[in-house]
Amino acid sequence: MTKHFVGDTAVLLGRSLRHIARSPDTIITTAVMPIAFMLLFVYVFGGAIETGSDSYVNYLLPGILLITIASGISYTAYRLFLDLQGGIFERFQSMPIARPAVLWAHVLTSLVANLTSLVVVVLVALLMGFRSGAGVTAWLAATGILVLFTLALTWIAVIPGLTAKSVDGASAFAYPIIFLPFVSSAFVPTESMPGPVRAFAENQPVTSIVDTLRDLFTQQPVGSSIWTALAWCAGILVVAYLVATMTYRRKIS
């Protein structure tokens, strides 16, 4: 059964990746908005923002990476919705294919596409002056957190992809997630925020993830923020996975 599932997932993943390869504008579009934000904040607002960091792009990049992921997952919901409306699911059901493989193929496609977009954003940040003395271990830890965050948000994206009534509805769910980094430590220190806003910013998942990535990039001790970040990512992932798989079972039953 496991071999059957892995093989089917690999085949369906190849199908999804071929679709992206034929339409690379998906990755370009995903990266354009975060890059635009990075250019705007570094070259327009950066001089007026006091962060205590020598380079604002170094301070900003972790939040931009999370915005990149939040932008990219909307395409997962979009592609899933199109497959559902196009009758692909019914066709797969008539074939000897492991049923979970359909969802996992979309999830892994999202992971590959988002990691590609993240690489593009980091390359642009390097051109803008981003520098990090982080070693291999720190970069691997940062990559692991970004992968976990991508998986968590992707499983959230599966839910509207299966339940939306329109294409716009399938992708619109990502807008509140894209907004979250703006009410966090991604752009400014939370200490500068008014009381209620600061309380929200310091106790939502983006702040702990951003702080952990920033500490890893700057070779600072991560402290307890890394455990908070991992707990948020793992908790969101588990809940989203359970809801998504239950929704999928109801959809195909």
When you group the ILVMFWY residues by side-chain heavy-atom contacts below 4.5 Å and let the links chain together, are [Y] and [X] in the same group?
{"X": "Ile159", "Y": "Leu153", "value": "no"}
{"X": "Val239", "Y": "Leu237", "value": "no"}
{"X": "Val102", "Y": "Met246", "value": "no"}
{"X": "Val243", "Y": "Leu80", "value": "no"}
{"X": "Val119", "Y": "Leu140", "value": "no"}

Using every non-hydrogen atom in the two residues, find where [X] and [Y] come nearest and quote the distance to one decimal.
{"X": "Asn58", "Y": "Gly129", "result": "OD1-O, 4.1 Å"}
{"X": "Ala77", "Y": "Pro160", "result": "CB-CG, 4.4 Å"}
{"X": "Ala152", "Y": "Ile236", "result": "CB-CG2, 3.9 Å"}
{"X": "Met38", "Y": "Val57", "result": "SD-CG2, 4.4 Å"}
{"X": "Ala244", "Y": "Leu103", "result": "O-CD1, 4.4 Å"}
{"X": "Ala70", "Y": "Ile177", "result": "CB-CG2, 3.7 Å"}

Quick one: pull up [atom1] in [X] and [atom2] in [Y] and give me the separation to the nearest 0.5 Å.
{"X": "Ser55", "Y": "Arg131", "atom1": "OG", "atom2": "CZ", "value": "9.0 Å"}
{"X": "Ile64", "Y": "Leu118", "atom1": "CD1", "atom2": "CG", "value": "11.5 Å"}
{"X": "Ile145", "Y": "Thr150", "atom1": "CD1", "atom2": "OG1", "value": "11.5 Å"}
{"X": "Tyr75", "Y": "Asn114", "atom1": "OH", "atom2": "CG", "value": "11.0 Å"}
{"X": "Ile226", "Y": "Ile209", "atom1": "CD1", "atom2": "CD1", "value": "11.0 Å"}
{"X": "Leu65", "Y": "Leu60", "atom1": "CG", "atom2": "CG", "value": "9.0 Å"}

Exercise. Carefully, step by step, assess Tyr175 and Ser74 under the rule side chain to side chain contact (heavy atoms under 4.5 Å, CB included).
Key: CA-CA 9 Å; Tyr175 297 144; Ser74 62; over 6 Å; no
Quiz item: So, does Thr207 use its side chain to make a donor-acceptor pair with the main chain of Ala201 at under 3.5 Å?
Solution: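 Between the backbone of Ala201 and the side chain of Thr207 there is a qualifying donor-acceptor contact (under 3.5 Å).
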Practice problem: Using modelled atom types only, decide if a donor and an acceptor are shared between the side chain of Gln204 and the backbone of Ala199 within a distance under 3.5 Å. | Solution: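 Flag not set: sc Gln204 to bb Ala199 has no pair under 3.5 Å.
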Practice problem: Kindly determine whether Val158 and Thr247 satisfy side chain to side chain contact (heavy atoms under 4.5 Å, CB included), including the steps that lead there. | Solution: CA-CA 9 Å; Val158 168; Thr247 304; over 6 Å; no
Quiz item: When the ring planes of Trp155 and Trp104 are compared, do they come out parallel, tilted or perpendicular, using 30° and 60° as the limits?
Solution: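 The rings of Trp155 and Trp104 stand perpendicular, inter-plane angle above 60°.
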Exercise. Assign the ring pair Tyr59 / Tyr56 to parallel, tilted or perpendicular, where the plane angle (0 to 90°) is split at 30° and 60°.
Key: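 Judged by the thresholds at 30° and 60°, the geometry between Tyr59 and Tyr56 is parallel.
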Self-check item: Leu230/Leu148 under side chain to side chain contact (heavy atoms under 4.5 Å, CB included): CA gap, chis, key distance, verdict
Solution: CA-CA 8 Å; Leu230 291 173; Leu148 192 59; 4.0 Å; yes
Quiz item: So, do Phe200 and Ser184 sit near enough that their side-chain heavy atoms are less than 4.5 Å apart?
Solution: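 Sidechains of Ser184 and Phe200: no contact.
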Quiz prompt | Heavy-atom check, side chain of Ile178 versus side chain of Met33, under 4.5 Å | solution =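 Ile178 reaches Met33 side chain to side chain.
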If you count every heavy atom of other residues, nucleotides or ligands that lies below 6.0 Å from [X] atom [atom1], does the total exceed 12?
{"X": "Phe179", "atom1": "CZ", "result": "no"}
{"X": "Trp227", "atom1": "CH2", "result": "no"}
{"X": "Phe217", "atom1": "CZ", "result": "yes"}

Practice problem: Decide whether Glu202 and Thr190 meet the rule of one side-chain donor and one side-chain acceptor closer than 3.5 Å. | Solution: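 There is such a pair between these side chains.
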Quiz item: Does one side chain, of Thr76 or Ser110, offer a donor that lies under 3.5 Å from an acceptor on the other?
Solution: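 Yes, Ser110 and Thr76 have a side-chain donor paired with an acceptor closer than 3.5 Å.
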Practice problem: With side chain to side chain contact (heavy atoms under 4.5 Å, CB included) as the test, would you mind laying out the steps for Val44 and Leu39 before giving the verdict? | Solution: CA-CA 8 Å; Val44 179; Leu39 291 169; over 6 Å; no
Quiz item: In a check of side-chain contact (heavy atoms from CB on, under 4.5 Å) between Ser71 and each of Ile67, Ile69, Thr68, which one passes?
Solution: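 Option passing the side-chain contact (heavy atoms from CB on, under 4.5 Å) with Ser71: Ile67.
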Quiz item: How would you list all residue pairs meeting side-chain hydrogen bond (donor to acceptor under 3.5 Å, both in side chains) that involve residues 212-222, not counting sequence neighbours?
Solution: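 Every pair satisfying side-chain hydrogen bond (donor to acceptor under 3.5 Å, both in side chains) with a residue in residues 212-222: Asp211-Arg214, Thr212-Ser225.
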